[in-house]
There are 2 protein chains.
Amino acid sequence: MNTNPADDALLALAQSFREALRQSVYVMRRLDSEEQLSSAQLGVLKMALDGGARVGGIARNLGVKVPSATEQIIKLEGAGLVKREADPDDSRAVRVAATAAGRAAVEKADRRRNEFIAGILGALSQSERDAVQAALPVFDKINHSVQY
Amino acid sequence: MNTNPADDALLALAQSFREALRQSVYVMRRLDSEEQLSSAQLGVLKMALDGGARVGGIARNLGVKVPSATEQIIKLEGAGLVKREADPDDSRAVRVAATAAGRAAVEKADRRRNEFIAGILGALSQSERDAVQAALPVFDKINHSVQY
DNA sequence: TCCTAACAGTTAGGCTGCCTAAATATCAAG
DNA sequence: CTTGATATTTAGGCAGCCTAACTGTTAGGA
């Protein structure tokens, strides 16, 4: 009962998938290592772009706990990329909003990172790129299923 | 010159790809958080499975520096999952070999992790799984191109 | 009105995993 | 037998995440 062919195929796919995950972590590290803004900070900063986000919401969206978000926010504030202000509707809450410098930093970091990745993807064949493109929405779906 | 359609498509793909990378990190964290053996340790342990690997080789294969590998090896040794012995051919080198307990731990961790992922993949449609399957070799290729 | 439970965030302390630099030991070549 | 390269470990440091405990605010009764 442990040799169901369908299950075997699924487990084999899972194994390959796990290897890809591991590689992704590696690629991310590489991406991070050549930038001034870490992925963690970039993620927080992006949420602070439009109007202002609450700390709890940022943490939830990034899949980390509130203190971890606070930590990044404090760093970004120190760098002048976001400002923190009391939420007018709820004095317990804090609204985090990107400054002009913060918006510029996001744009620059995003561009640099995209160019790095585009450089890699550009070296692939068109069919390879198509395969990646087709898989990306599925990856997205997988992530949501893991959510929480 | 910044509106080359091909470049734009590539950059858009890169952007989506980056999002997938971020999600992958998230999924990996989730995977790690419910296991006794961390991914870092599992990676090292797997290399120690057949016969015995050298510290430098392990580090190179995992894309980390030698001291980082040593750190994990020491932990695994403390847990009785690997043993370290001088390389008979080169006394500078150390051969790291999995113990019986180490082999069992790899099997168990691999099985649990694969089952977790298989559970997610199993909830997808066949065409979605096909898309993932088709993209995995490309991910592999991408990783190698980032290597070093 | 006042008390209390729930909630938002920060602070404190701790862990893992990675890194660089420096120390130790061995090898290999001249 | 010296010297430079190589293999690993040790020491010290940093980022990012976590839990627990603390502060302040809000909201729902009694």
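Being a predicted model, the structure only gives us computed values, none of them experimental. Residue numbering restarts at 1 for every chain, and letters A, B, ... go by the order of the sequence lines.
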| Non-hydrogen side-chain atoms of B:Val44 and B:Leu62 separated by less than 4.5 Å | yes
Using atom [atom1] of [X] as one end and atom [atom2] of [N] as the other, report the distance to the nearest whole Å.
{"X": "A:Glu85", "N": "C:dA8", "atom1": "CD", "atom2": "C1'", "value": "16 Å"}
{"X": "A:Leu45", "N": "D:dG16", "atom1": "CG", "atom2": "P", "value": "13 Å"}
{"X": "A:Asp87", "N": "C:dT10", "atom1": "CG", "atom2": "P", "value": "12 Å"}
{"X": "A:Arg29", "N": "C:dT16", "atom1": "CZ", "atom2": "C1'", "value": "12 Å"}
{"X": "B:Tyr26", "N": "D:dC18", "atom1": "OH", "atom2": "C1'", "value": "14 Å"}
{"X": "B:Arg22", "N": "D:dG16", "atom1": "CZ", "atom2": "C1'", "value": "14 Å"}
{"X": "A:Glu77", "N": "C:dT10", "atom1": "CD", "atom2": "C1'", "value": "12 Å"}
{"X": "B:Asp32", "N": "D:dC17", "atom1": "CG", "atom2": "P", "value": "14 Å"}

Between [X] and [Y], is there a side-chain N and carboxylate O pair less than 4.0 Å apart?
{"X": "A:Arg95", "Y": "A:Glu85", "result": "no"}
{"X": "A:Arg112", "Y": "A:Glu35", "result": "yes"}
{"X": "A:Asp32", "Y": "A:Arg113", "result": "yes"}
{"X": "A:Asp110", "Y": "A:Lys46", "result": "yes"}

| Contacts of type salt bridge (Lys or Arg N to Asp or Glu O under 4.0 Å), residue B:Arg22, not counting sequence neighbours | none
| task | Tell me whether the OP1 or OP2 atom of C:dT16 has a side-chain N or O from B:Gln41 closer than 4.0 Å. | result | no
| query | Are B:Glu19 and B:Gln23 linked by a side-chain donor-acceptor pair shorter than 3.5 Å? | reply | no
| message | Applying salt bridge (Lys or Arg N to Asp or Glu O under 4.0 Å) to A:Lys141 and B:Glu128, what does each step give before you reach the verdict? | response | CA-CA 10 Å; A:Lys141 189 170 175 182; B:Glu128 284 171 330; 3.0 Å; yes
| message | By the 4.0 Å heavy-atom rule, please label B:Arg84 as base, sugar-phosphate, or nothing. | response | sugar-phosphate
| task | Would you mind telling me which residue lines up with the more 5' stretch of DNA chain D, B:Gly57 or A:Ser38, judged by nearest nucleotide? | result | B:Gly57
| message | Given 3.5 Å as the limit, does a donor-acceptor pair link the side chain of B:Gln72 with the main chain of B:Ala69, or not? | response | no
| query | To the side chain of B:Ala93, which of C:dC18, D:dT8, C:dG9 is closest? | reply | D:dT8
Please tabulate, one pair per line, each protein N/O and nucleotide N/O from nucleotides 27-30 of chain C that are separated by under 3.5 Å, including the distance.
from, atom 1, to, atom 2, distance (Å)
C:dC27, OP1, B:Ser91, N, 2.9
C:dC27, OP1, B:Ser91, OG, 2.7

| message | So if I take residues 65-76 of chain B and measure heavy-atom distances to DNA chain C, which residues fall below 4.0 Å? | response | B:Lys65, B:Pro67, B:Ser68, B:Glu71, B:Gln72, B:Lys75
